> 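This is the structure I want to talk about, given as structure tokens.
Not measured: the values here are computed from a predicted model. Index from 1, following the sequence.
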Amino acid sequence: MQDRPHRSALYIPGSKDRALDKARSLPVDVILFDLEDAVAPDAKVAARDTLFAALADGGYGSRLRIVRINGLDTAWGAADAAAVAAMDCDGVLLPKVNGPEDVDALAALVPELPIWAMMETPQGVLNAARIAAHPRMAGFVLGTNDLAKDLNSRGRAVLATSLQLCLLAAKAAGIVALDGVYNAFKDEDGLQAECTEGRDMGFDGKTLIHPAQVAITNAAFGPTADEIDLARRQIAAFEAAGAEGQGVAVVDGRIVENLHIVTARATLAKADAIAALESA
């Protein structure tokens with residue numbers, strides 16, 4: 001799962017044929033087909049059939065297809081899970097995961113698909129390490145709006161502890177971690193700043209609410225030309241130093257050790273994976 005890019009993850013309502021069709025042409029890495037918040041209560045049952053048909057029709061290419069169901073404590077959750085188990089998708093996303101027992105409950109209903117967790121409650125954040133360690137867990141999606149509501153907090157800065165706890169848990173378990181949404185979809189500068197912060201923290205990508213946010217997010221979470229160039233020069237310098245019996249090299253006045261080469265090779269691998277995804 002970690003070998004492929006997860007830069008941009010766009011929510012698409014599972015009830016809207018037009019949106020489902022448009023998603024086939026958008027340059028996103030992940031599509032989060034939503035049966036929960038984006039679907040009105042009176043449309044939730046019909047949305048299952050609409051989404052099933054869209055996925056059966058295909059056309060989504062190499063985009064990762066993840067379906068967010070309603071919570072298992074709602075009137076729709078169990079039936080959503082049963083429907084998703086038969087869909088042509090790559091994973092199922094469970095909202096408001098509070099602990100590994102919630103993952104157990106979904107795993108019993110969806111025996112084959114990888115499971116993703118919405119991390120959007122205080123209890124879930126406090127149990128992040130246990131949730132991430134679940135053998136069926138493939139990734140975390142941060143639900144920053146719901147988390148801020150439960151914390152009665154204002155502003156992203158005060159969510160830093162929650163973001164970092166979830167990120168630490170995901171990295172320790174080797175699963176994907178996607179940052180929360182940026183609500184002001186017309187504010188490109190604000191989105192850029194939040195993407196930069198999320199990437200610098202270590203998130204693999206960001207969840208989005210509008211196609212207009214895709215280009216900025218893809219650029220922010222992909223390696224830049226300068227980073228690719230530096231990675232190549234570090235590898236070349238380190239290999240040259242090794243041929244001379246040296247354990248370290250120097251590039252641009254900075255020491256380059258083996259740990260930097262691990263990062264450099266990961267940067268090049270990510271660039272190659274992005275190029276392959278975009279050319280597919």
> SG/Cys166 to CG/Leu147 distance, rounded to the nearest 0.5 angstrom?
7.5 Å

> Measure across Trp116 and Ala138 and return the closest heavy-atom pair with its distance rounded to 0.1 Å.
NE1-CB, 3.6 Å

> Is any side-chain heavy atom of Cys195 closer than 4.5 Å to one of Phe221?
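Heavy-atom side-chain distance check passes, below 4.5 Å.
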
> Any non-hydrogen side-chain atom of Tyr182 less than 4.5 Å from a side-chain atom of Asp187?
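Yes, their side chains come closer than 4.5 Å.
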
> Tell me whether Lys16 is salt-bridged to Asp34, with the criterion being a basic N under 4.0 Å from an acidic carboxylate O.
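Judged by the 4.0 Å cut-off on N to carboxylate O distance, Lys16 and Asp34 do not form a salt bridge.
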
> Determine whether Val248 and Val250 fall in the same hydrophobic cluster, where Ile, Leu, Val, Met, Phe, Trp and Tyr are linked whenever their side-chain heavy atoms lie under 4.5 Å apart.
yes

> Verify the cluster assignment for Ile235 and Ile228: are they in a single hydrophobic cluster under the rule of side-chain heavy atoms below 4.5 Å apart?
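Looking at the clustering, Ile228 is in the same group as Ile235.
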
> Salt bridge between Asp37 and Arg68, side-chain N to carboxylate O under 4.0 Å?
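Yes, charged N to carboxylate O under 4.0 Å.
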
> For the pair Arg4 (side chain) and Ser62 (backbone), establish whether a donor and an acceptor sit closer than 3.5 Å, ignoring hydrogens and angles.
yes

> Quick one: do Arg233 and Asp252 make a salt bridge, cutoff under 4.0 Å?
yes

> When you compare the side chain of Asp29 with that of Leu64, does any pair of heavy atoms fall below 4.5 Å?
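SC-SC contact between Leu64 and Asp29 ruled out.
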
> Is the shortest side-chain N to carboxylate O distance from Arg156 to Asp179 below 4.0 Å?
yes

> Report yes or no: does Thr207 contribute a side-chain atom to a donor-acceptor pair with the main-chain N or O of Ala9 at less than 3.5 Å?
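Not a single qualifying donor-acceptor pair exists.
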
> Taking side chain as C-beta onward, heavy atoms only, is Arg136 less than 4.5 Å from Leu106?
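They are not in contact (no side-chain heavy atoms under 4.5 Å apart), so the answer is no.
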
> Report yes or no: does Arg199 contribute a side-chain atom to a donor-acceptor pair with the main-chain N or O of Gly222 at less than 3.5 Å?
yes

> Counting N and O atoms only, with roles assigned by atom type, does the side chain of His134 sit under 3.5 Å from a partner on the main chain of Ile131, one being a donor and the other an acceptor?
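The answer is no, because no donor-acceptor pair under 3.5 Å joins these two groups.
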
> Hey, does the side chain of Glu120 reach the backbone of Lys96 with a donor-acceptor pair shorter than 3.5 angstrom?
yes

> Before accepting this row, confirm whether a basic side-chain N of the pair Asp80/Lys44 lies closer than 4.0 Å to the acidic partner's carboxylate O.
no

> Hydrophobic clustering (ILVMFWY, side-chain heavy atoms < 4.5 Å, transitive) - are Val84 and Leu72 grouped together?
yes

> Can you name the closest pair of heavy atoms from Asn127 and Gly99 and give their distance?
ND2-CA, 4.2 Å

> Answer yes or no: is there a donor N or O on one side and an acceptor on the other, between the side chain of Asp204 and the main chain of Leu178, under 3.5 Å?
no

> What are the two closest heavy atoms between Ser15 and Ala47, and how far apart are they?
CB-CB, 3.8 Å

> Please report the shortest heavy-atom distance between Gly59 and Arg24, naming the atom on each side.
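Heavy-atom minimum between the residues: O-CB, 3.5 Å.
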
> Which distance, rounded to the nearest 0.5 Å, do you find between the OH of Tyr11 and the CG of Leu32?
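If I round to the nearest 0.5 Å, the distance is 5.5 Å.
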
> Any side-chain heavy atom of Leu163 within less than 4.5 Å of one from Thr144?
yes

> What closest approach, in Å, do Val251 and Ala237 show between heavy atoms, and which atom pair accounts for it?
CG2-CB, 3.5 Å

> Is it the case that Thr121 and Asn98 place a side-chain donor and acceptor less than 3.5 Å from each other?
yes

> From Leu51 CG over to Asp17 CG, what is the distance, rounded to the nearest 0.5 angstrom?
10.0 Å

> Quick check for you: to the nearest 0.5 Å, what is the distance between Leu268 atom CG and Thr263 atom OG1?
11.0 Å

> As an exercise, state the distance from CG of Asp146 to CE of Met118, rounded to the nearest 0.5 Å.
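Going from CG on Asp146 over to CE on Met118, the span is 7.0 Å.
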
> side-chain contact (heavy atoms from CB on, under 4.5 Å), that's the test. Do Leu151 and Val158 meet it? Break it down for me.
CA-CA 9 Å; Leu151 293 174; Val158 295; over 6 Å; no

> Take Phe185 and Leu191, measure what side-chain contact (heavy atoms from CB on, under 4.5 Å) needs, and give me the verdict at the end.
CA-CA 8 Å; Phe185 65 88; Leu191 174 63; over 6 Å; no

> side-chain contact (heavy atoms from CB on, under 4.5 Å), that's the test. Do Glu101 and Arg130 meet it? Break it down for me.
CA-CA 10 Å; Glu101 57 277 0; Arg130 296 173 59 221; 4.2 Å; yes

> Do Leu159 and Leu142 touch side chain to side chain, with heavy atoms closer than 4.5 Å?
no

> For the atom pair CG (Asp21) and CZ (Arg18), what is the distance rounded to the nearest 0.5 Å?
9.5 Å

> Return each pair, listed once, that meets ring-ring contact (aromatic ring centres under 6.0 Å, His included) where at least one residue sits in residues 54-83; pairs must be two or more places apart or across chains.
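For residues 54-83, and leaving out neighbouring residues, the ring-ring contact (aromatic ring centres under 6.0 Å, His included) pairs sorted by first residue read Phe33-Tyr60.
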
> Under 3.5 Å, side chain of Arg63 to main-chain N/O of Pro27, donor-acceptor pair present?
no

> Tell me the closest heavy-atom pair linking Ala19 and Pro13, and the distance in Å.
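Looks like CB-CD, 4.2 Å.
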
> If you draw a 6.0 Å radius around CG in Asp189, do more than 12 non-hydrogen atoms from other residues or ligands fall strictly inside?
no

> Go through the steps to decide whether Lys206 and Glu194 satisfy the test side-chain contact (heavy atoms from CB on, under 4.5 Å), and finish with yes or no.
CA-CA 9 Å; Lys206 190 168 183 65; Glu194 196 163 292; 2.9 Å; yes

> Quick one: are Val67 and Leu55 in side-chain contact, heavy atoms under 4.5 Å?
yes

> Within the 4.5 Å heavy-atom criterion, are Pro211 and Leu10 side-chain neighbours or not?
yes

> Group every Ile, Leu, Val, Met, Phe, Trp and Tyr by side-chain heavy-atom contacts under 4.5 Å, then state whether Val39 and Val92 land in the same group.
no

> With clusters defined by side-chain heavy atoms of hydrophobic residues (ILVMFWY) lying less than 4.5 Å apart, directly or transitively, does Ile274 cluster with Ile216?
no

